Protein chains: 2
Amino acid sequence: MAHDDVHPVSLACGDCPIRHRAVCARCETDELDELESIKYYRSFEAGQTVIWSGDKMDFVASVVSGIATLTQTLEDGRTQMVGLLLPSDFVGRPGRESAAYNVTATTDILMCCFRRKPFEEMMERTPHIAQRLLQMTLDELDAAREWMLLLGRKTAREKIASLLSIVARRDASIKLRTATGRMTFDLPLTREAMADYLGLTLETVSRQISALKRDGVIELEGKRHVTVPDMDRLLIEAGDDSDGGFLV
Amino acid sequence: MAHDDVHPVSLACGDCPIRHRAVCARCETDELDELESIKYYRSFEAGQTVIWSGDKMDFVASVVSGIATLTQTLEDGRTQMVGLLLPSDFVGRPGRESAAYNVTATTDILMCCFRRKPFEEMMERTPHIAQRLLQMTLDELDAAREWMLLLGRKTAREKIASLLSIVARRDASIKLRTATGRMTFDLPLTREAMADYLGLTLETVSRQISALKRDGVIELEGKRHVTVPDMDRLLIEAGDDSDGGFLV
DNA sequence: GTTGCCACTTGATTTGGGTCAATTCGCGTT
DNA sequence: AACGCGAATTGACCCAAATCAAGTGGCAAC
């Protein structure tokens, strides 16, 4: 797909700080203009629920800045995170009336929304969009499957190490590509959100983070700021073969 | 999409016993012919590995008959099933050189394969295919997320009940739509495969099946033939709200 | 400065499911 | 009939993580 190298992350809108996936701003200008006409922005505060599972959803959207989570819940309150939305990620499903998950902002968040009906019509006419969306969805599916291995077969310690390496990797792509060994970042999630991500309790999350700290795998300043002195060590702790999967 | 109601399951080939998804046999005849020219069949015996994770994969395919599993493995041998392929399901990923999972036949299986390169080229030109593939992938993603809730938050008993209700549902769509209460089917998986599906050990699977039998939730003839006297009861055991999700 | 709140930590105890090991149940072979 | 073999069951024991409970630390509001 042309120009993908120039602005890799892109679905659509001209003046977003993030180039969204799917339409190349250089070669698909008319499509861009059309998307422009059906788009609007919405922002949410940290902690706010963006969408409740089952709600009618009349838009699809793309995260511009901030972080949100997709969660599913059993009647008795047990909840499992099933998706983590970071900037440039896509939310919502063309062809589906109602939301299948709760979407919650964990930080202040800005989303670039497109009215669903016109978006779908446009997708019918514009092969690029469906194709790009397919690539994105396949990536998400791979991530979900990697995550299933984590949920089904990893120990608590491995789960935590995996999550940390995922966050580190996501962060690293923006910030410091340089030093492979040492790495520093902020955890964008509370202990409870991490627990919901990993299928653990928040107490276990806390204990395992303490254990990793005690064993020198990570260093902590405050509760959220993490330094990993040796990424390789962390990846070994995560139990991942090779360079450690590609969740999220 | 036209004619979807007439032959709902369809990706492609004219003489498969199953109508595959994505191309309508009535209105897209030329596409059908083209797919016809790049397709071939492969069959595998029960237990055979279809593809090893990491292998070069020069085709995409659709399951005609039989059952296969997608699995991921940690170096130390812990394995997690991440997908269950039933007739009409799609395998392989356009745009990806090598396989990301092990694909194993659990019964004798027949697959309808399309050479990857020409299939991709065709997809570029044919919006319908990409759109249909997108729908299918989104469905798979939903299933994967439902499965994540199961892996992360359900008890062993709930996991077993969930799996049974999934198999029952899949089976029911083919066979008896009639009686909602009582339902009979064969388990297409060994205890070990069920364990890999559910993130349990095979001993736990066995114990929980025995427990469900003891409690009258299911009846067993032999090891594999299951009768559910009351589907509603089973769904309650599964912990699912509503009519029980849509895994697989 | 004190109060209250929330995120987090840590400890004590319990328990669901894993591990190890011994049978049993088919079922095809000789 | 006897054998072998893989699939499944069942039991005894153990341990990782859940549960229950108390306490700490930071920070915003008054």
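Naming: A, B, ... by sequence-line order, numbering from 1 per chain. It should be emphasised that the depicted structure is a prediction, and the values quoted were computed from it without experimental measurement.
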**Asked** Among the nucleotides C:dT10, C:dT19, D:dT9, which one has an atom lying closest to any side-chain atom of B:Ser206?
**Response** D:dT9

**Request:** Kindly indicate whether the side chain of A:Arg78 and the base of D:dT19 share any N or O donor-acceptor pair separated by less than 3.5 Å?
**Result:** no

**Asked** Below 4.0 angstrom from OP1 or OP2 of C:dG18, is there any side-chain N or O of B:Thr201?
**Response** yes

**Complete:** Nearest-nucleotide check on DNA chain C, A:Arg153 vs A:Thr190; residue mapping nearer the 5' end is A:Thr190

**Request:** Kindly point out which of D:dT9, D:dA12, C:dT9 is positioned nearest to the side chain of A:Leu202?
**Result:** C:dT9

**A:Arg182/A:Asp230 under side chain to side chain contact (heavy atoms under 4.5 Å, CB included): CA gap, chis, key distance, verdict** = CA-CA 5 Å; A:Arg182 196 174 187 79; A:Asp230 179 1; over 6 Å; no

**Request:** Take the protein atom CD1 of A:Ile160 and the nucleotide atom P of D:dA17, then report the distance between them rounded to whole Å.
**Result:** 10 Å

**Asked** Between C:dT9 atom P and A:Leu187 atom CG, what is the distance in whole Å?
**Response** 10 Å

**Prompt:** Which atoms form the tightest heavy-atom contact between B:Leu151 and B:Tyr197, and what is the distance?
**Reply:** CD2-O, 3.8 Å

**Request:** Give A:Gly47 one of three labels, base, sugar-phosphate or nothing, depending on what nucleic acid heavy atoms sit under 4.0 Å from its own.
**Result:** nothing

**Message:** Nearest heavy atom decides the nucleotide; on that basis, is A:Lys223 or A:Val205 closer to the 5' end of DNA chain D?
**Reply:** A:Val205

**Message:** From the set D:dA12, D:dC20, D:dA8, return the single nucleotide nearest to any side-chain atom of A:Glu203.
**Reply:** D:dC20

**Message:** Using a strict threshold of under 4.0 Å (side-chain N to carboxylate O), is an ion pair present between B:Arg233 and B:Glu237?
**Reply:** yes

**Asked** Any donor-acceptor pair under 3.5 Å between the side chain of A:Glu192 and the base of C:dC8?
**Response** no

**N or O in side chain of B:Arg191 less than 4.0 angstrom from D:dT9 OP1/OP2** = yes

**Item:** Rounded distance in Å - CZ (B:Arg207) to P (D:dG11)
**Value:** 9 Å

**Prompt:** Salt bridge between A:Lys154 and A:Asp240, side-chain N to carboxylate O under 4.0 Å?
**Reply:** yes

**Prompt:** B:Lys154 NZ to D:dA17 P: how many Å, rounded?
**Reply:** 22 Å

**Request:** Mind calculating the distance between NE2 (A:His225) and C1' (C:dA7) to the nearest angstrom?
**Result:** 18 Å

**Message:** At 4.0 Å (heavy atoms only), tell me whether A:Leu200 reaches a base, stays on the sugar-phosphate, or touches nothing.
**Reply:** sugar-phosphate

**Asked** Below 4.0 angstrom from OP1 or OP2 of C:dG18, is there any side-chain N or O of B:Thr204?
**Response** yes

**D:dT10 phosphate, OP1 or OP2, under 4.0 Å from B:Ser210 side-chain N/O** = yes

**Asked** Do you know the tightest heavy-atom contact between B:Pro229 and B:Ile218?
**Response** CD-CA, 4.1 Å

**Request:** Take atom CD1 of B:Ile209 and atom C1' of D:dA7, then tell me their distance rounded to the nearest Å.
**Result:** 12 Å

**Item:** Distance test, side-chain N/O of A:Arg224 to OP1/OP2 of C:dC8, below 4.0 Å
**Value:** yes

**Message:** Rounding to an integer number of Å, can you tell me how far A:Met194 CE sits from C:dC8 C1'?
**Reply:** 10 Å

